[in-house]
Amino acid sequence: MISEISIVPIQSSYSLDNRIITAAVLNEEPLVMKFDQVLSDDECQALIESASSRLTRSKLANKEVSQIRTSSSMFFDANESPFIVAIENRISSLMHVPRSHSEGLQILHYEPGQEFKPHHDYFGPHHPSSRNNRISTLIMYLNDVEEGGETTFPRLGIAVTPTKGSALYFEYFYDDPRINELTLHSGEPVIQGVKWVATQWMHRQPI
Ligand SMILES: O=C(O)CCC(=O)C(=O)O
Ligand SMILES: [Fe+2]
């Protein structure tokens, strides 16, 4: 039974930006969805190319380097270029949250053996950032991974295989904290090939 209202209205497809994005519900509460054709092949390539020279070792949200997260990453500045703005506008429409509530788009790069261990994307109640906490995540896959690199939700029994241009969406803005806790997720170790993702996090209020 669904008892709380989701941020994104559940539909089988969304028409925006002159494209049809098809959708599948992987879990209803918390809402977890897979979207296809969010980014074109050219957009995936351009994101990878513009991020490549700016990657540094990923940190946790508390700015620490840790074995929890072994990838490298970078953030685009909001409004950095018309190309980034166009993508951010599309994502904002899809996520049903204004662009002013978003962090800069983050690019993550994983080599074989690198991973992002189980974590929540929101901050705990005592963290200063919880005053304007994150409420939803869109992970866009920028390439096909030869082997490994799935995004998994151990508490929901979900494993998503990265495919170029598709995206994984989930939200954690429920009144009942037990529902939010079910969004624990990880980026499994890449076994063969590399993995590139772009992550957009939305906050409850403007940043
Ligand atoms: O790389 C993945 O599959 C997960 C990424 C992730 O959890 C994040 O960026 O918060
Ligand atoms: Fe995450």
Side-chain angles (χ1 to χ4, degrees), residues 7 26-27 30-36 38-39 44 47-48 51-52 54-76 87-88 91 94-95 97 101-124 127 129-130 133-173 179-203 207:
I7 301 168
L26 305 184
N27 193 74
L31 183 60
V32 181
M33 295 180 86
K34 178 88 192 290
F35 298 123
D36 281 320
V38 174
L39 298 173
C44 291
L47 284 171
I48 290 173
S52 291
R54 294 163 63 183
L55 294 173
T56 55
R57 174 69 196 267
S58 301
K59 300 191 171 82
L60 297 181
N62 66 9
K63 312 267 191 295
E64 280 174 18
V65 169
S66 149
Q67 279 310 106
I68 293 176
R69 197 176 182 203
T70 51
S71 54
S72 51
S73 56
M74 58 80 66
F75 279 96
F76 287 107
I87 290 178
E88 287 180 345
I91 294 171
L94 187 60
M95 295 178 84
V97 180
H101 295 226
S102 71
E103 288 177 44
L105 195 62
Q106 183 201 228
I107 305 291
L108 278 176
H109 170 75
Y110 301 82
E111 294 280 339
Q114 294 181 341
E115 65 182 316
F116 197 166
K117 293 215 168 96
H119 64 280
H120 291 104
D121 284 355
Y122 54 88
F123 300 94
H127 193 285
S129 299
S130 70
N133 217 336
R134 291 175 177 164
I135 57 173
S136 60
T137 303
L138 187 73
I139 297 173
M140 288 153 280
Y141 301 107
L142 306 182
N143 73 320
D144 296 329
V145 181
E146 278 171 58
E147 196 183 346
E150 299 86 359
T151 309
T152 56
F153 294 78
R155 295 178 181 165
L156 298 173
I158 293 172
V160 174
T161 301
T163 56
K164 189 174 187 172
S166 72
L168 172 65
Y169 171 79
F170 52 99
E171 53 180 72
Y172 31 85
F173 191 36
I179 301 175
N180 299 325
E181 285 162 16
L182 296 175
T183 63
L184 186 82
H185 61 281
S186 53
E188 296 298 322
V190 170
I191 298 170
Q192 256 329 312
V194 294
K195 175 183 174 190
W196 287 92
V197 304
T199 306
Q200 178 76 84
W201 289 293
M202 291 298 188
H203 288 248
I207 299 274

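Counting starts at 1 for both ligands and their atoms, following the listed order.
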- [ ] Work out which heavy atom in G149 is nearest to a heavy atom in P162; give both atom names and the distance.
- [x]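 Result for this residue pair: O-CG, 3.3 Å.
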[atom]: the protein heavy-atom neighbour that sits closest, reported with distance to 0.1 Å:
atom	value
atom 1 (O) of ligand 1	Y110 OH, 2.6 Å
atom 8 (C) of ligand 1	F116 CE1, 3.6 Å
atom 4 (C) of ligand 1	I139 CD1, 3.8 Å
atom 2 (C) of ligand 1	K195 NZ, 3.2 Å
atom 3 (O) of ligand 1	T151 OG1, 2.5 Å

Counting only heavy atoms closer than 4.0 Å, does ligand 1 sit against the backbone of [X], its side chain, both, or neither?
X	answer
L168	neither
E188	neither
T137	neither
E150	neither

Within a strict 4.5 Å, meaning less than it, do heavy atoms of the [X] and [Y] side chains meet?
X	Y	result
H127	N133	no
F153	L168	yes
S136	F173	no

TODO: Start with the C-alpha distance between I7 and M95, add both sets of side-chain angles, then the distance that settles side chain to side chain contact (heavy atoms under 4.5 Å, CB included), and finish with yes or no.
DONE: CA-CA 8 Å; I7 301 168; M95 295 178 84; over 6 Å; no
Give the numbers and elements of all ligand 1 atoms closer than 4.0 Å to a heavy atom of [X].
X	value
G187	2 (C), 3 (O)
D121	10 (O)
T199	9 (O)

TODO: Round to 10° and report the angle made at the Fe ion (ligand 2) by NE2 of H119 and NE2 of H185.
DONE: 90°
Open item on the list: Looking only at N, O or S atoms in D121, which is nearest to the Fe ion (ligand 2)?
Closed with: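 Answer by atom name: OD1.
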Task: Between CD on residue Q200 and CD1 on residue I139, distance to nearest 0.5 Å - done: 12.0 Å
Open item on the list: Using 30° and 60° as the class boundaries, would you call the ring planes of F75 and W201 parallel, tilted or perpendicular?
Closed with: tilted
Open item on the list: Using 30° and 60° as the class boundaries, would you call the ring planes of Y122 and H120 parallel, tilted or perpendicular?
Closed with: tilted
Task: CA sep, side-chain torsions, deciding dist, call: K195, Q114, side chain to side chain contact (heavy atoms under 4.5 Å, CB included) - done: CA-CA 9 Å; K195 175 183 174 190; Q114 294 181 341; over 6 Å; no
